[in-house]
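Order of the sequence lines fixes the chain letters, A, B, ..., with proteins taken first and strands second; residue numbering starts at 1 for each chain.
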Amino acid sequence: MSAPYNHKAIEQKWRSNWAKNPVNVNDGKKPKYYCLDMFPYPSGNGLHVGHWRGYVISDVWSRYKMLKGHYVIHPMGWDAFGLPAENYAIKMGTHPAKSTAENVEKFKEQLSDIAAIYDWDMEVNTTDPAFYKWTQWIFVKMFKEGLAYEKEFPINWCPSCKTGLANEEVVNGCCERCGAEVTKKNLRQWMLKITKYAERLLNDLDKLDWPEKVKKMQTDWIGKSYGAEVDFPVEGRDEKITVYTTRPDTLYGATFMVLAPEHPLAASLAVPETKEAVDKYIYDASMKSNVDRLQDKEKTGVFTGSYAINPLNQAKTPIWLSDYVLADYGTGAIMCVPAHDDRDFAFAKKFDIPIIQVIAKDGKEIENMTEAYTEASGIMIHSGEWDGMESAVLKKEAPHMIEKRGLGKATVNYKLRDWVFSRQRYWGEPIPIIHCPKCGNVPVPEEELPLMLPDVTSYEPTGTGESPLAAIEEWVNCRCPVCGADAKRETNTMPQWAGSSWYFLRYVDNHNDKELVSKEKADQYLPVDMYIGGVEHAVLHLLYSRFYTKFLYDIGAVDFDEPFHKLFNQGMITGKNGIKMSKSKGNVVSPDDLVRDYGCDSLRMYELFVGPPELDAEWDDRGIDGVSRFLKRFWKLALDSREADVKATTEMVKLRHRLIYDITQRLESFSLNTVISGFMEYNNKLMEIAKKAGGIDAETIETFLILMAPFAPHMAEELWEIYGHNTSVFENRWPEADESAMKDDEIEVPVQINGKTRAVIRIPADAGKEEALAAGKEAVADKLDGSIVKEIYVPKKIINIVQKPGK
RNA sequence: GCAGGAGUGGCGGAAUUGGCAGACGCGCAGGCUUCAGGUGCCUGUGGUCGCAAGAUCGUGUGGGUUCAAGUCCCAUCUCCUGCACCA
């Protein structure tokens, strides 16, 4: 009788063995592989089974790479600054520094249950002054390069979080964090000129082995478009209005013009008769929240009373104001071609503005137009000298023609906006800038960094647009590092993204107080080969990190310009009916009980077995029994086989190599759920053989152990030891399948008649067509009627005999 | 509205990319072990007809290509995700 599998004792034993003798060591000869997890914000709620999934995937991948002969960099750290940490501290009535430290401890404890090969010597914490020194250093560098600048303008403001937000943090007009409706607030802000990198951020996506979905999201977010800026002189005035259009080919069809209510000329275009209505419209628009503005699909607008002159045909074009034109995109003014744009069409219909078709659809002019014809395909009509041209061609050429004639210029536009970088909150990196009345904005000298976040007792947000730091006079008042005059510190802090935009660079050199990361370490270990995490950061963290890396590349701090070579997004683990796990829903499943009852190895495997790693999966506790049973059966098979000590049969050897082949293939294609089912399948087959043979040969069992080691490391180590080895199972190399050993002499081939399987025959694997068909026909002889039309043999796959139907 | 993804047993899911649909697991049913519960082991498990052998239908829906379609093509419905007045 073999000893039952005692997960508790075995897992404890190996946990302490690994602590003494780590399995992932850098001997300086092995090639590196950097496998990174998105580091967590250490929340007070602890880990749930959803967190586990990503960490298990990355650990399995890391251990696999280890067995493939790599030194694996697999670090972990804490994204501990930011709103959630601060809000949590406020709720608990404690200081965020204290609650964060406690939460980190709690998280680390729970994380240890996963038994990942994290190298804790590399640990980083964004709130550690030795870390944020470099977060601030990057900001100073950006300031010196002119990429960080101050600006006052109406920004997105979350009234609940009491802070300004970046565009990326506003989702459907609501705060990404708390869901509150975002309003506008006029505030002095620090901005990062991410738009300067728009083109590179867009182009370099091609270099990345990332999910298409994420690339697409970033492409859309950057939102590049080609078009022209065209100048429309205002009638009777010495001013002109510049519009941006992607369809300069339709210029002859412009029957009106619309300005955003926030356009600088908007109010001044009113004439005495329209002044009241125009002012009211501008005022009303300024009062509308983002959400209202988004939801009101019904067009509103007001005629200013002024006209602009179409520079091409000198047509008098009425100027309107409407909030469907956005002030901060393009020039904040558009020419309107109702015949060829849906929105302009709706507006023209509502306000009874003429519609002029300038592109013939299917060679014809449309009578009684009911919707805009928006495709750039067809011959130009009513377009003066452009008549007869192909619209698609003209669309490309028109910007240059307009530029040549001095009527405007060809331009490129992006949806991407500069990054609103300051937050009016306490728990973040202080922005290292000093406001000097004489010298203006002066960065804190690099040798004085880090600029410490002052320790205070009261840090709650003021809600006024001022940071809580503004109230700390002894901190705010300082001297200008340039001229020595009395000066004041910047009191805003950085957003949570500041630290997470570069943390992955710091792991490999986390104690360096001279550089962000040394050249040697960077060359040796960076960049990241595989990055694993949820898809929710597609246009936030992942875009910001790329921007930061490119900047650091430009100033020579690193010599690569993309941080993450390969990206994998794991799906979310949800509760029943796909509902997101959350404390308030009460559907959070903690891994703690499962680890206690089933063991770490079982839970690791079940996390993968729940479904394809890239898809969301509903958690069902009961499923873990299947994995647990499998592990117990394998355990028993291994122990019984050890005792029986049987010689390998060709059948066992064949299965051994097929196992290697199948598992490796599935692993390489990241089909981790089928890797687990593969283990189960082969275990079932081996048990069947062992029933007859008394056991399985040692080499096959040991091969199984090595393959399973990344998934169930504790059991693999224990059995490896039981099999008489005094080294770790991870000192092995990943086995390779010998395809010649996998082959069958005889194969099973289904025989179909008219596509329906009527028999299955066994034939020699190397049987020729004649031989196979003869055997096939013999097997279904009683069902053949002599009217054979066609005979098909796909080698090793199938036989299909086609006969006339009806008999 | 636009873009992307997905629809397969009671459930999670598999299918070497055009070649026996439902691997693997959960659940369920019957049996063995047990004083009993649990565990463990064995058998069965898409629908319909049949004691059975077997037949027949079957991958959201409708059509098509093919000797052969979950897989390819056309149309259509539903769900999820992202973007959304970006001129």
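Using a 4.0 Å heavy-atom distance criterion, E212(A) is classed as making no nucleic acid contact. R658(A) comes within 4.0 angstrom of no nucleic acid atom, judged by non-hydrogen atoms across all strands. Residue N684(A) is classed as a sugar-phosphate contact, given heavy-atom separations below 4.0 Å to backbone atoms only. Across all strands shown, N673(A) has heavy atoms under 4.0 Å from sugar-phosphate atoms exclusively, and none from any base. Residue R666(A) is out of contact with every strand shown, counting any heavy-atom pair closer than 4.0 Å.
Rounded to whole Å, the separation between the P atoms of A52(B) and U17(B) comes to 38 Å. For the C1' atoms, the distance from C57(B) to A3(B) is 38 Å, rounded to whole Å. For the C1' atoms, the distance linking U78(B) with G60(B) amounts to 7 Å, nearest Å. When the P atom is used for both G27(B) and U39(B), the distance is 9 Å, rounded to whole Å. To the nearest whole angstrom, the two C1' atoms, one in U71(B) and one in G18(B), are 7 Å apart. For the P atoms, the distance from C79(B) to G30(B) is 39 Å, rounded to whole Å.
Qualifying salt bridge (charged side-chain N to carboxylate O under 4.0 Å, His left out) partners for D738(A), counting only residues two or more places apart in sequence or in other chains: none. In this view, D625(A) satisfies the salt bridge (charged side-chain N to carboxylate O under 4.0 Å, His left out) rule with no residue, not counting sequence neighbours. Checked against side chain to side chain donor-acceptor pair (under 3.5 Å), Y793(A) has no partners two or more places apart in sequence or in another chain.
The listed nucleotides are C20(B), C85(B), G25(B); the one nearest the side chain of P750(A) is C20(B). The side chain of E681(A) lies closest to A23(B) when the candidates are A87(B), A23(B), G19(B). Of the candidates G82(B), G19(B), A84(B), the closest approach to any side-chain atom of W221(A) belongs to A84(B). Closest to the F609(A) side chain, of the nucleotides C20(B), C24(B), A87(B), is C24(B).
Across the strands present, U59(B) finds no partner; the criterion is a Watson-Crick or G-U wobble pair with both atom distances under 3.5 angstrom. Remark: A84(B) base-pairs with no nucleotide; criterion is Watson-Crick or G-U wobble with both hydrogen-bond distances under 3.5 Å. Base-pair partner of G44(B): C28(B) (Watson-Crick or G-U wobble, both distances under 3.5 Å). Using N1 to N3 plus N6-O4 or O6-N4 for Watson-Crick, or N1-O2 and O6-N3 for G-U wobble, each under 3.5 Å, A6(B) pairs with U78(B). Nucleotide C35(B): unpaired (no Watson-Crick or G-U wobble partner with both distances less than 3.5 Å). In this structure A21(B) sits in no base pair that meets the Watson-Crick or G-U test at under 3.5 Å. In a base pair of the Watson-Crick type (N1 to N3 plus N6-O4 or O6-N4) or a G-U wobble (N1-O2 and O6-N3), with each distance short of 3.5 Å, A69(B) is matched with no nucleotide.
Within residues 612-630 of chain A, the residues approached by RNA chain B to less than 4.0 Å at the level of any non-hydrogen atom are P612(A), R622(A), G626(A), R629(A), in residue-number order.
Applying the 90° criterion around 0 to the glycosidic angle, G27(B) comes out anti. Look at U76(B): its glycosidic torsion is beyond 90° from 0, and that puts it in the anti range.
Without hydrogens or angle criteria, H340(A) side chain to I359(A) main chain gives a donor-acceptor distance under 3.5 Å. A donor-acceptor pair is defined here as one N or O able to donate and one able to accept, closer than 3.5 Å; such a pair exists between the side chain of D418(A) and the backbone of I194(A). Using a distance-only test at 3.5 Å, with no hydrogens or angles considered, a donor-acceptor pair links the side chain of T255(A) to the main chain of P354(A). A donor-acceptor pair is defined here as one N or O able to donate and one able to accept, closer than 3.5 Å; no such pair exists between the side chain of D640(A) and the backbone of G695(A).
Donor-acceptor pairing under 3.5 Å is recorded for the side chains of Y329(A) and S225(A).
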Heteroatom pairs (N/O) under 3.5 angstrom, protein to nucleotides 66-73 of chain B:
| unit_1 | atom_1 | unit_2 | atom_2 | d |
| --- | --- | --- | --- | --- |
| C67(B) | OP1 | K790(A) | NZ | 3.3 |
| C67(B) | O2' | N800(A) | ND2 | 3.2 |
| C67(B) | O2 | N800(A) | ND2 | 2.7 |

Restricting to nitrogen or oxygen on both sides, can you table the protein-nucleotides 2-4 of chain B pairs closer than 3.5 Å?
| unit_1 | atom_1 | unit_2 | atom_2 | d |
| --- | --- | --- | --- | --- |
| A3(B) | O2' | K216(A) | NZ | 3.2 |

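A residue-by-residue look at K756(A) and I676(A) shows that I676(A) has its nearest nucleotide of RNA chain B further toward the 5' end. Along RNA chain B, the nucleotide nearest to V171(A) and the one nearest to G330(A) differ in position, and the one closer to the 5' end is contacted by V171(A).
The distance from atom CZ of F345(A) to atom C1' of A87(B) is 17 Å, rounded to the nearest whole Å. With rounding to whole Å, Y793(A) atom OH is found 14 Å from C20(B) atom P. Distance I319(A) CD1 to A87(B) P: 21 Å, rounded to the nearest Å.
In summary, R658(A) and D662(A) do not engage in a salt bridge, as defined by a charged side-chain N under 4.0 Å from a carboxylate O.
Y682(A) has its ring centre no less than 6.0 Å from the ring centre of F704(A). Checked against the 6.0 Å centroid criterion, the rings of F256(A) and F351(A) do not qualify as a close aromatic pair. In this structure, the ring of F711(A) has its center less than 6.0 angstrom from the ring center of F679(A).
Screening D620(A), L594(A), D601(A) for a side-chain contact (heavy atoms from CB on, under 4.5 Å) with Y606(A), the sole residue that qualifies is D620(A).
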Assess whether side chain to side chain contact (heavy atoms under 4.5 Å, CB included) is satisfied between T250(A) and M335(A), documenting all intermediate values.
CA-CA 10 Å; T250(A) 62; M335(A) 65 171 206; 3.8 Å; yes

